[in-house]
Amino acid sequence: MIASLCVMESLFAILAFSRSVHIDVTPFAFVFIVNHYGTQFVIAACAVILFCNAPFEDESYQYMISRAGRLSWGLGQVLYITKMSILYIACLAAATIIPFLGHIQWSNEWGKIWGTLGKTNAGAGFGVKLSVNQNIMRQYEPVNALLISIFLEFSCVLCIGLLIYFGNKITAKSAGTFAGALVAVLDICVSNDWLDWAYRFSPVSLAQLGLFYGFAPKWGINLAYAEKFFAFAAVSLSALCAAANYREKVINRINERRIHER
């Protein structure tokens, strides 16, 4: 809810600009929302809050484990995190359209509003703070950019959720939540104080299409790299999350061995 409100609030100025020039807006705001590092931080931080109660266990946990088995339970948790990530991104995507209802131009073109905001400072007088990346508009068709941005953002949120689950489950503490929070702030840290190559390891940064231009190719950072990074991270973290459910079993066996040795 907080992330959706933040997204909508950042678009009201663009709506005011659209009304003043009597030109409707094409529905591609999501592309530019996720390419703004401030909004990306809010989205990632809210994702941490969304999954911070992992590993989602209550008083029925032991009963469910005995019935379903540890592997099935672990894979079920991975599917749950995947579902929540999809719903979260769907809400964000809807939040980029809601402010413009009644003022939307349905077209597979970027449109005059985004083109003007990307090439001029015309939005400054209306308080538009969202930056519109011209490189994205030059390199991608609008629908392709939207679909890629949704995929990358979903992958980023999914990885944050899986990391939190694994960290919290394996330590039985909030280590995963802390790790997720570090991921959320990593993009800001790298952009302000760290070396550019560190973007290679920042999921929040790699979810931004605008990163893949300028200095990024020098370090091998491009869309193909981002896709491979997220695919590897998602598969690896999913396997670790499933394996983490054997933690109690391993600990019990170690304790039993110690008792017998005594």
**Item:** Check: Tyr165 ring centre within less than 6.0 Å of Phe51 ring centre
**Value:** no
**Request:** Would you check if the side chain of Gln134 reaches a backbone N or O of Gly118 as a donor-acceptor pair within less than 3.5 Å?
**Result:** yes
**Request:** Any chance you could measure Asn135, atom CG, to Leu209, atom CG, to the nearest 0.5 Å?
**Result:** 10.5 Å
**Item:** Partners meeting ring-ring contact (aromatic ring centres under 6.0 Å, His included) with Phe17 (sequence neighbours left out)
**Value:** Phe126
**Request:** Take Trp110 and Glu141 through the side-chain contact (heavy atoms from CB on, under 4.5 Å) test and state the conclusion after the steps.
**Result:** CA-CA 8 Å; Trp110 287 111; Glu141 291 294 323; over 6 Å; no
**Asked** Are Tyr246 and Leu71 close enough that some pair of their side-chain heavy atoms sits under 4.5 Å apart?
**Response** yes
**Request:** Taking the side chain as every heavy atom from C-beta outward, state whether Ser10 and Ile33 have any atom pair closer than 4.5 Å.
**Result:** yes
**Item:** Non-hydrogen atoms of Asn245 and Lys169 that approach each other most closely
**Value:** OD1-CE, 3.7 Å
**Item:** Which atom of Ile81 lies closest to which atom of Gly161, heavy atoms considered
**Value:** CD1-O, 3.8 Å
**Asked** Which of these, Leu152, Val157, Leu158, sits in a side-chain contact (heavy atoms from CB on, under 4.5 Å) with Phe154?
**Response** Leu158
**Request:** Could you walk me through whether Thr26 and Glu109 pass the side-chain contact (heavy atoms from CB on, under 4.5 Å) test, one step at a time?
**Result:** CA-CA 7 Å; Thr26 52; Glu109 302 291 337; 5.6 Å; no
**Asked** When rounded to the nearest 0.5 angstrom, what distance separates CZ in Arg138 from CG in Asn133?
**Response** 8.0 Å
**Message:** To check you understand the geometry: which heavy-atom pair defines the closest contact between Ile164 and Cys52, and what is its length?
**Reply:** CG2-CA, 4.3 Å
**Message:** Can you tell me how far apart CD (Glu9) and OG1 (Thr39) are? Round to the nearest 0.5 Å.
**Reply:** 9.0 Å
**Item:** Interatomic spacing from CD1 in Ile136 to OH in Tyr213 - rounded to 0.5 Å
**Value:** 7.0 Å
**Heavy-atom closest pair, residues Ser149 and Val34** = CB-CG2, 4.1 Å
**Request:** Could you check Met8 against Leu11 for side-chain contact (heavy atoms from CB on, under 4.5 Å), going step by step and ending with a plain yes or no?
**Result:** CA-CA 5 Å; Met8 288 190 287; Leu11 296 175; 5.8 Å; no
**Request:** Measure the OG-NZ distance between Ser18 and Lys112 for me, rounded to the nearest 0.5 Å.
**Result:** 12.0 Å
**Prompt:** Any donor-acceptor pair under 3.5 Å linking the side chain of Asn53 with the backbone of Phe56?
**Reply:** no
**Prompt:** Any side-chain donor paired with an acceptor under 3.5 Å for Ser205 and Asp187?
**Reply:** yes
**Request:** Report yes if the side chains of Pro203 and Ile160 come closer than 4.5 Å at any heavy-atom pair, otherwise no.
**Result:** no
**Closest approach of Ala47 to Tyr88 (non-hydrogen atoms, all atoms of both residues)** = N-OH, 3.8 Å
**Heavy-atom side-chain contact between Ser4 and Leu92 under 4.5 Å** = yes
**Request:** Could you point out which residue of Val132, Leu15, Val21 forms a side-chain contact (heavy atoms from CB on, under 4.5 Å) with Ile113?
**Result:** Val21
**Asked** Do Trp219 and Tyr199 make the cut of ring centroids closer than 6.0 angstrom?
**Response** no
**Asked** Do you reckon Val78 sits in the same ILVMFWY cluster as Phe232, going by side-chain contacts under 4.5 Å, direct or chained?
**Response** no
**Request:** First locate atom OH of Tyr140, then atom CD1 of Ile148, and finally report the distance between them rounded to the nearest 0.5 Å.
**Result:** 5.0 Å
**Asked** Taking all non-hydrogen atoms of both residues, which atom of Phe230 and which atom of Cys159 are closest, and how far apart?
**Response** CD2-SG, 4.0 Å
**Request:** For the residue pair Ile97 and Phe30, establish whether any side-chain heavy-atom pair is separated by less than 4.5 Å.
**Result:** no
**Request:** Could you tell me whether a side-chain N or O of Thr96 sits under 3.5 Å from a main-chain N or O of Ala93, the two making a donor and an acceptor?
**Result:** yes
**Item:** Donor-acceptor side-chain pairing of Thr177 and Asn168 below 3.5 angstrom
**Value:** yes
**Prompt:** Under 4.5 Å between any side-chain heavy atoms of Gln105 and Val25, yes or no?
**Reply:** no
**Message:** side-chain contact (heavy atoms from CB on, under 4.5 Å), that's the test. Do Asp24 and Ile104 meet it? Break it down for me.
**Reply:** CA-CA 5 Å; Asp24 292 340; Ile104 296 179; 5.8 Å; no
**Prompt:** With ILVMFWY side chains joined below 4.5 Å, transitively, what does Phe178's cluster contain besides itself?
**Reply:** Leu182
**Prompt:** Cation over ring, Arg200 on Phe229, under 6.0 Å and within 45°?
**Reply:** no
**Request:** Indicate, with yes or no, if Ile188 and Leu130 share a hydrophobic cluster defined by side-chain heavy-atom contacts under 4.5 Å among Ile, Leu, Val, Met, Phe, Trp and Tyr.
**Result:** no
**Message:** Looking only at the side chains, is there a donor atom on one of Glu153 and Gln208 sitting less than 3.5 Å from an acceptor on the other?
**Reply:** no
**Request:** Mind telling me whether Trp114 and Phe32 have parallel, tilted or perpendicular rings, with 30° and 60° as the class edges?
**Result:** tilted
**Prompt:** Just by distance, do the side chain of Ser72 and the backbone of Gly69 share a donor-acceptor pair under 3.5 Å?
**Reply:** no
